[in-house]
Protein chains: 2
Amino acid sequence: MHDPATIEAGIPDDQLLPLRVWLALFSSVKQIEAVVRTNLRESFASTLPRFDLLSQLYRSPGGLTMGEISARLMVTNGNVTGLITRLVDEGLVDRLQDEDDRRVQWVRLTPKGNKMFSSMAPANQTWVTQAMAGLSDAELRQLQTLLGKLKSSVAAAPKHPRGDEDPSAG
Amino acid sequence: MHDPATIEAGIPDDQLLPLRVWLALFSSVKQIEAVVRTNLRESFASTLPRFDLLSQLYRSPGGLTMGEISARLMVTNGNVTGLITRLVDEGLVDRLQDEDDRRVQWVRLTPKGNKMFSSMAPANQTWVTQAMAGLSDAELRQLQTLLGKLKSSVAAAPKHPRGDEDPSAG
DNA sequence: GCATTATATTTTATGTATAAACTATCTCGC
DNA sequence: GCGAGATAGTTTATACATAAAATATAATGC
């Protein structure tokens, strides 16, 4: 039961639950990501970041600014610049300047990009559904509820907590 | 309630639960990752992949082979080569050849690496615990159970499912 | 023994990601 | 108007990640 990587690091066993849940979360996501990534590559010669980006644009027919994309994908601005550049090269999206604010870039799906996402989305849904087929609807809803609470919890947590305190003391 | 990115892609609303759970999982992990990454950088001038690698080595005092590290971190061999090279440069790990099989590289923590991980582990545990402070122990255990089921489910799913079928038909 | 095959790791080319510095533009207060 | 700061995005340097090809060694079958 005791985890050698934490015993010697001085972490009592009864404090390990959040850490264990975090590791389980992390590996679940990596596992599913691997499935989706492999399938996206084999079926569409595409990638997960590209798919996520197309997905965001798909649900925003009016387009999105670079900053809004960055916020929604939870990645840096510079990352979005690179992703968009590649997608523009592939003809899946186009960019246009804002009329009023010349700092702002609007990004939209091209018809080709729209068609591309429309064919990817059902496939992606199938892969994810099959990966989660071992969970009942009730379990999925339970998971959804818990993840909702987790999201609030993380948002409420201090951004730069001191890492040298005993978490059991709080 | 209806999600425009799926309605138009022809996905009925009652089939969206797994997809929604997947998105919630994905964003939860990214959220927590961001916290941990920021803190690792600010407190230890380090990164999450380095920390995960040190953690694996810490709990294997006899060392690990490159392949075993790759399997445990769920990343490619080539990725591990690069990570280890950087950690060797920093003096946190060392490599040695297997006596019997000259293809095999054994990797172990140096005393410096051991000390480094020992100081990082409690801090990491604090950050994660604080991020999850909004969930009760009962909820964390519930989450742990569900993630265990999810892991089995993903492992049991076909690796290369056809993505062009209606998942409601299965 | 020797060719074949399998295994362990590295290399190569490319894509994705960050943080920090930088450029350009806008807004606000005066 | 104008200067100070804020905001949007890009660039730079570097790290992390993949897939595929290459290298080196080991194990197997004959």
Side-chain angles (χ1 to χ4, degrees), chain A residues 26 29-31 33-54 63-90 92 95-107 159-160, chain B residues 26 29-31 33-54 63-90 92 95-107 159-160:
Chain A
F26 190 76
V29 165
K30 288 215 82 170
Q31 229 184 339
E33 251 186 15
V35 170
V36 172
R37 188 176 45 239
T38 301
N39 285 322
L40 279 175
R41 179 173 46 80
E42 293 182 354
S43 299
F44 299 103
S46 191
T47 67
L48 195 50
R50 277 166 162 87
F51 176 75
D52 288 342
L53 184 31
L54 294 182
L64 292 172
T65 64
M66 299 297 281
E68 184 59 27
I69 292 170
S70 169
R72 294 197 186 191
L73 297 183
M74 294 187 285
V75 298
T76 56
N77 281 345
N79 186 8
V80 173
T81 298
L83 276 169
I84 293 296
T85 299
R86 286 186 287 272
L87 288 174
V88 167
D89 290 348
E90 295 174 22
L92 299 175
R95 3 160 60 138
L96 40 112
Q97 293 234 311
D98 188 280
E99 301 259 305
D100 302 324
D101 187 337
R102 279 186 294 175
R103 295 170 304 179
V104 175
Q105 297 279 342
W106 288 92
V107 181
K159 289 114 206 91
H160 305 302
Chain B
F26 190 78
V29 166
K30 289 215 83 170
Q31 229 184 339
E33 250 185 17
V35 170
V36 173
R37 188 175 44 241
T38 300
N39 285 322
L40 279 175
R41 180 173 47 79
E42 294 183 353
S43 299
F44 299 102
S46 192
T47 67
L48 195 49
R50 278 167 163 86
F51 176 75
D52 288 342
L53 185 30
L54 294 182
L64 292 171
T65 64
M66 299 297 283
E68 183 60 27
I69 292 170
S70 168
R72 294 196 186 190
L73 297 183
M74 296 188 285
V75 299
T76 58
N77 281 345
N79 186 5
V80 173
T81 297
L83 276 170
I84 293 296
T85 299
R86 285 186 287 272
L87 289 175
V88 167
D89 290 347
E90 296 174 20
L92 300 174
R95 358 159 66 136
L96 38 114
Q97 292 234 310
D98 188 279
E99 300 260 305
D100 302 327
D101 189 336
R102 278 187 294 177
R103 295 170 303 180
V104 175
Q105 298 276 342
W106 287 92
V107 181
K159 290 113 206 88
H160 305 301

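Quick note on labels: first sequence line is chain A, next is B, and so on, each numbered from 1.
- Of all non-hydrogen atoms in A:Leu92 and A:Leu54, the two that sit nearest each other are CB-CD2, 4.3 Å.
- For the pair B:Glu68 CD and C:dT9 P, the computed distance is 10 Å after rounding to whole Å.
- Taking 4.0 angstrom as the limit, B:Arg102 places none of its side-chain polar atoms (N or O) nearer than this to OP1 or OP2 of D:dA27.
- Proximity of B:Asn79 to the phosphate of D:dT18: a side-chain N or O atom is located under 4.0 Å from OP1 or OP2.
- Minimum interatomic distance between B:Asp100 and B:Asp98 (heavy atoms only, all atoms of both residues): N-OD1, 2.7 Å.
- A:Asp100 comes within 4.0 angstrom of sugar-phosphate atoms only, judged by non-hydrogen atoms across all strands, and of no base.
- Atom pair A:Asn77:CG and C:dT25:C1' shows a separation of 15 Å (rounding to whole Å applied).
- Taking atom CZ of residue B:Arg37 and atom C1' of nucleotide D:dC16, one finds them 11 Å apart after rounding to whole Å.
- Summary of the strand contacts: B:Val75 and A:Arg95 both lie near DNA chain D, and taking for each the nucleotide with the nearest heavy atom, the more 5' one is attributed to A:Arg95.
- Distance CG (A:Leu40) to P (C:dT16): 11 Å, rounded to an integer number of Å.
- Taking every side-chain heavy atom of A:Pro49 into account, C:dA17 is the closest of C:dA17, C:dT25, D:dA26.
- By the 4.0 Å N-to-carboxylate-O rule, A:Glu90 lies too far from A:Arg86 to be salt-bridged with it.
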query = Is there a side chain to side chain contact (heavy atoms under 4.5 Å, CB included) between A:Ile84 and A:Arg95 once you walk through the steps?
reply = CA-CA 9 Å; A:Ile84 293 296; A:Arg95 3 160 60 138; 4.0 Å; yes
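- Looking at B:Arg103, its side chain has no donor and acceptor atom pair within 3.5 Å of the base of C:dT9.
- The distance between atom CD of A:Glu90 and atom P of C:dT14, rounded to the nearest whole Å, is 14 Å.
- A side-chain contact (heavy atoms from CB on, under 4.5 Å) with A:Thr85 is found for one member of A:Leu83, A:Leu87, A:Asp89 and no other, namely A:Asp89.
- Nearer to the 5' terminus of DNA chain D, by closest-nucleotide assignment, is the contact made by A:Met66 (compared with the other of A:Met66 and A:Lys30).
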Considering only nitrogen or oxygen atoms on both sides, find all protein atoms under 3.5 Å from nucleotides 12-15 of chain D and state each distance.
unit_1	atom_1	unit_2	atom_2	d
D:dA15	O3'	B:Arg50	NH1	3.3

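- Comparing C:dA8, D:dG9, D:dA19 against the side chain of B:Thr76 picks out D:dA19 as the nearest.
- Going from atom CZ of B:Phe26 over to atom CE of A:Met74 covers 7.0 Å, rounded to the nearest 0.5 Å.
- Across the protein-nucleic acid pair, A:Leu64 atom CG and D:dA8 atom C1' stand 15 Å apart, rounded to whole Å.
- Between the CZ atom of A:Phe51 and the C1' atom of D:dT18 there is a distance of 19 Å, given to the nearest Å.
- Distance CD1 (B:Ile84) to P (D:dC16): 11 Å, rounded to an integer number of Å.
- Atom CG of B:Leu53 is separated from atom OG of B:Ser70 by 11.0 Å, given to the nearest 0.5 angstrom.
- Side-chain contact between A:Met66 and A:Thr81 is present, with at least one heavy-atom pair separated by less than 4.5 Å.
- In terms of position along DNA chain C, the nucleotide closest to B:Thr65 lies nearer the 5' end than the nucleotide closest to the other residue of the pair A:Met74 and B:Thr65.
- Distances from the side chain of B:Arg41 to the nucleotides D:dT10, D:dT18, C:dA20 place C:dA20 closest.
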